[in-house]
Every structure is written in structure tokens, then in C-alpha cells.
2 protein chains.
Amino acid sequence: MITSRSKRTISLFARLPGVGEKTAQRYLLYLLTAEDELAAELGRELVELRQHLQPCSLCGNIAEIETPTSTAICAICSDVKRDPSLLCVVARVHDLLAIERAGSMRGRYFVLGKLLSPLEGVGPDDLPIERLLARIQKENVQEVICATPPSVDGEATALLLKRELAPLGVTLSRIASGVPHGGDLEFADPITMGRAFAGRQRL
Amino acid sequence: MITSRSKRTISLFARLPGVGEKTAQRYLLYLLTAEDELAAELGRELVELRQHLQPCSLCGNIAEIETPTSTAICAICSDVKRDPSLLCVVARVHDLLAIERAGSMRGRYFVLGKLLSPLEGVGPDDLPIERLLARIQKENVQEVICATPPSVDGEATALLLKRELAPLGVTLSRIASGVPHGGDLEFADPITMGRAFAGRQRL
Ligand SMILES: [Zn+2]
Ligand SMILES: [Zn+2]
């Protein structure tokens with residue numbers, strides 16, 4: 001017999017990815033018994049989360065915004081030491097963060113948000129190709145690295161990029177499949193990630 | 001490259017049990033991109049969590065409190081349909097909730113909070129034995145079921161209860177070890193849990 005408030009907290013936790021009823025309950029009990037201030041601290045952080053963190057308007061990475069009206073530009077897009085002529089296209093922010101952890105990439109990013117997936121009904125028009133093309137031209141990008149995952153959808157997306165970017169005369173490369181087929185970029189170690197970038201092939 | 005606010009949120013999430021850096025980051029990205037209202041809802045819930053939920057002053061279960069000054073009494077301790085003569089002693093609230101899910105227990109509970117553990121320096125004086133004895137006498141408990149886990153520390157705690165409760169003349173039983181040795185009550189299925197209660201042995 002558990003209180004209605006506990007149930008509410010548990011069901012909110014259980015909406016996080018990979019969190020079931022038991023894990024959610026474990027979090028709740030920990031917050032109730034273990035660390036005095038953690039629940040309130042985490043709570044305050046989450047209440048304001050989406051007012052302070054938003055997708056970067058240029059690349060889709062997480063960006064911190066100062067005032068509610070300001071445009072979100074992430075730390076990578078505003079870093080002048082980044083090579084503006086090199087643009088790495090990824091499926092998700094998770095992948096961008098994984099590549100950043102490995103430290104193999106000196107350029108900037110573009111997050112597609114999703115992959116081309118005929119099976120799931122995701123077509124070319126569902127991807128932000130227009131925004132990608134506009135950015136390449138506006139920032140005079142010379143090389144685009146396609147770092148979509150080595151899966152069926154990832155390869156399909158790479159081929160779509162090849163077709164769409166052809167008229168621009170930009171060099172398009174694809175990260176080497178050091179990452180195992182069907183694998184997830186997020187769990188690749190820095191060496192695998194480094195090899196994948198070093199061995200990239202021209203598409 | 002991730003913002004300082006993201007880092008703070010990630011490090012707070014990573015203080016939850018079993019949550020590492022990558023899981024914490026996954027939660028953050030989900031909250032930033034997937035469900036508009038979830039971050040704020042969960043945040044509001046957590047900010048006030050410990051003002052509304054506290055350990056029951058009688059048994060240690062989670063109790064909802066109405067006003068900040070009221071004493072926390074859980075739904076089980078205040079349920080008149082529960083058999084007051086039967087008291088089940090458990091190590092943790094997790095175990096109480098697991099037993100409740102299985103529905104084998106018609107009495108009330110007493111949460112020790114920890115187990116006797118010579119190796120970890122937990123001695124008899126670290127357990128709330130006085131409070132347990134007082135509750136048994138005050139509520140005229142007839143049978144105490146010891147539902148500590150079937151581990152070395154759980155058995156040691158059961159033997160401590162046997163010694164401490166002997167002068168009271170109360171019936172003390174131990175749940176049958178249907179739960180595998182070294183196992184965790186929390187992951188026992190209802191049938192195993194039911195058998196463990198049905199086959200309880202007098203200590
Ligand atoms: Zn950006
Ligand atoms: Zn209680």
C-alpha cells in the first residue's frame with residue numbers, strides 16, 4: 001500500500017527512457033531516505049530545465065540560453081576555435097556528445113534529429129535537409145562528415161545526403177564502420193570512435 | 001561540449017542509485033526533447049517530495065503527511081482491517097513494498113532500516129530494537145514474522161530478534177527460504193513470496 005503521491009512520483013520517473021516501475025520506486029525511496037537535499041535540488045533544476053536549456057538554433061545541440069527571448073546558440077557553434085569548414089552530421093544529440101567525448105572532431109555539427117526510415121514512415125521530407133543545405137552554403141563548409149550510425153537507416157540517410165549535397169560541390173565523407181554494424185555510437189569507446197573518424201571514406 | 005547547467009542536472013541524476021553518467025545524460029536529453037511538460041512536472045513533484053512524504057513514525061513505511069506539523073502514520077498502520085496481532089519485521093521499505101505487492105501478509109510491518117552486520121560494523125545497538133519491543137507490547141502483538149532476507153546478515157538479524165523477543169512470550173517465525181539464498185526479496189515473484197510466507201518456521 002503506497003500513497004497516491006508516491007504513485008505519482010513513481011509514474012513520472014517511469015516515463016524516463018529505460019525506467020520501469022521498480023527502478024522508479026528505487027529512485028523514490030532513495031530520495032526519501034538517503035540524501036536530505038537531493039530531491040529538492042534535482043526538483044528545482046528540472047522545474048526550470050526547459051527555460052534554460054534549448055536546442056541550438058544552428059545545429060540542434062543543447063544550448064544554454066541567458067534570457068527567455070534570446071536565440072539558443074550552443075557552445076560549439078559559438079566556439080571560434082572550431083573549424084567552420086568541417087561539418088559533422090549526426091542523427092541525435094547523444095551521438096554528438098559521444099563524438100565530443102572521444103575528441104576526434106574539430107569541426108561543428110548538424111543534428112538531423114531522426115534517420116530516413118522507410119519502415120517507420122520517415123521520408124526525406126521529414127529530415128531538415130533544407131536547413132542543412134542553407135547552413136553549408138552560409139558558412140562556406142568544405143567537408144561534410146556523415147556520422148549517422150552504421151545501420152540500414154543510417155546508410156539510407158548517408159545516401160540521401162550524397163544525393164542532396166551533390167549540387168553543392170562539397171566533399172562528403174562517411175565515418176568508417178569501426179563501430180560494429182547495428183551498434184550504437186553512444187557506446188563506442190574513444191579508440192573505436194577515433195578510428196572511425198580517421199578512416200572515413202569519401203562517399 | 002556540454003553546458004554547465006546540463007552538467008549540474010546530469011550530476012544530480014547520477015546521484016540516484018544505479019545511475020551513471022550516460023544514463024543521467026540520457027534522462028536529460030529525453031527531458032529536453034521528448035515530452036514538453038515532464039521535466040517541470042517531475043521537478044515540481046521532487047521539490048516538495050520530502051515535505052509530503054516521510055517515514056511512518058510507527059513502522060518506517062512511506063507515509064503521506066497532510067500538514068507539516070502532523071505525525072506521519074502510513075496507510076498500513078492506520079488501516080483498521082489489518083490484523084494488529086501480526087507484525088512483520090523487514091530490513092527495508094523496498095522489502096515491505098515487495099511483500100505488499102505479493103499480497104501474502106495481512107498484518108502490519110516494522111522496518112528495521114538495516115541488518116545486523118559484524119563485517120560492516122552494524123551491531124545490535126544500531127538497530128531500533130527498543131522501538132520494536134515497545135510496539136509489540138503496546139499493540140499486544142501475538143506473532144512476529146521475521147522477513148529479513150535469507151543472507152548471512154539477514155539470518156544474524158533473525159537470531160538477534162529471537163534473543164531480544166524471548167522475554168515477551170510472543171510467537172516468532174521466520175519466512176521460509178523460498179527466496180534463493182543471497183537473493184533479494186524485491187525481485188521475488190508473488191508465488192515465491194507466497195510460499196515463503198506460508199512455509200514460515202517457528203524460530
Ligand atoms: Zn550549435
Ligand atoms: Zn506505518
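Note that the coordinates shown come from a computational prediction; the quantities given were computed from them, not determined experimentally.
Counting heavy-atom pairs closer than 4.5 Å to chain A, the top-ranked of the candidates B:Ala34, B:Ala40, B:Ala39 is B:Ala39. Comparing B:Gly113, B:Gly18, B:Pro17 by heavy-atom pairs within less than 4.5 Å of chain A, the highest count is held by B:Pro17. Between chain A and the options B:Glu35, B:Arg44, B:Gln54, B:Glu48, heavy-atom pairs under 4.5 Å are most frequent for B:Glu35.
If you take OG on B:Ser11 and CD on A:Glu45, they are separated by 8.0 Å, rounding to the nearest 0.5 Å. Interatomic distance, B:Tyr27 OH to A:Tyr27 OH, rounded to the nearest 0.5 Å: 2.5 Å. For the atom pair B:Glu64 CD and A:Arg5 CZ, the distance stands at 6.0 Å (nearest 0.5 Å). Here B:Ser6 contributes atom OG and A:Asn61 contributes atom CG; the two are 8.5 Å apart, rounded to the nearest 0.5 Å.
More than 12 heavy atoms of other shown residues, nucleotides or ligands fall within 6.0 angstrom of atom CD in B:Glu139. No more than 12 heavy atoms of other residues, nucleotides or ligands sit less than 6.0 Å from atom CD of A:Glu21.
Residues B:Arg101 and A:Lys22 meet the side-chain proximity criterion, which asks for heavy atoms closer than 4.5 Å. Side-chain atoms of B:Ile62 and A:Leu28, non-hydrogen and from C-beta on, do get closer than 4.5 Å to each other. Residues A:Val93 and B:Leu32 fail the side-chain proximity criterion, which asks for heavy atoms closer than 4.5 Å.
When each of B:Leu46, B:Val47, B:Leu12 is tested with A:Glu41 by the rule side chain to side chain contact (heavy atoms under 4.5 Å, CB included), just one qualifies, namely B:Leu12.
With a threshold of 4.5 angstrom between heavy atoms, B:Gln51 does not approach chain A through any atom at all. Both the backbone and the side chain of A:Leu42 come within contact range of chain B, judged by heavy atoms closer than 4.5 Å. No part of B:Pro55 comes within reach of chain A, as not one of its non-hydrogen atoms sits under 4.5 angstrom from that chain. With a threshold of 4.5 angstrom between heavy atoms, B:Leu53 approaches chain A through its backbone and through its side chain.
Contact between A:His94 and B:Arg26 at its shortest, heavy atoms only, is NE2-CA, 3.8 Å.
Proximity of a side-chain donor or acceptor of B:Arg50 to a complementary backbone N or O of A:Leu31 within less than 3.5 Å is detected.
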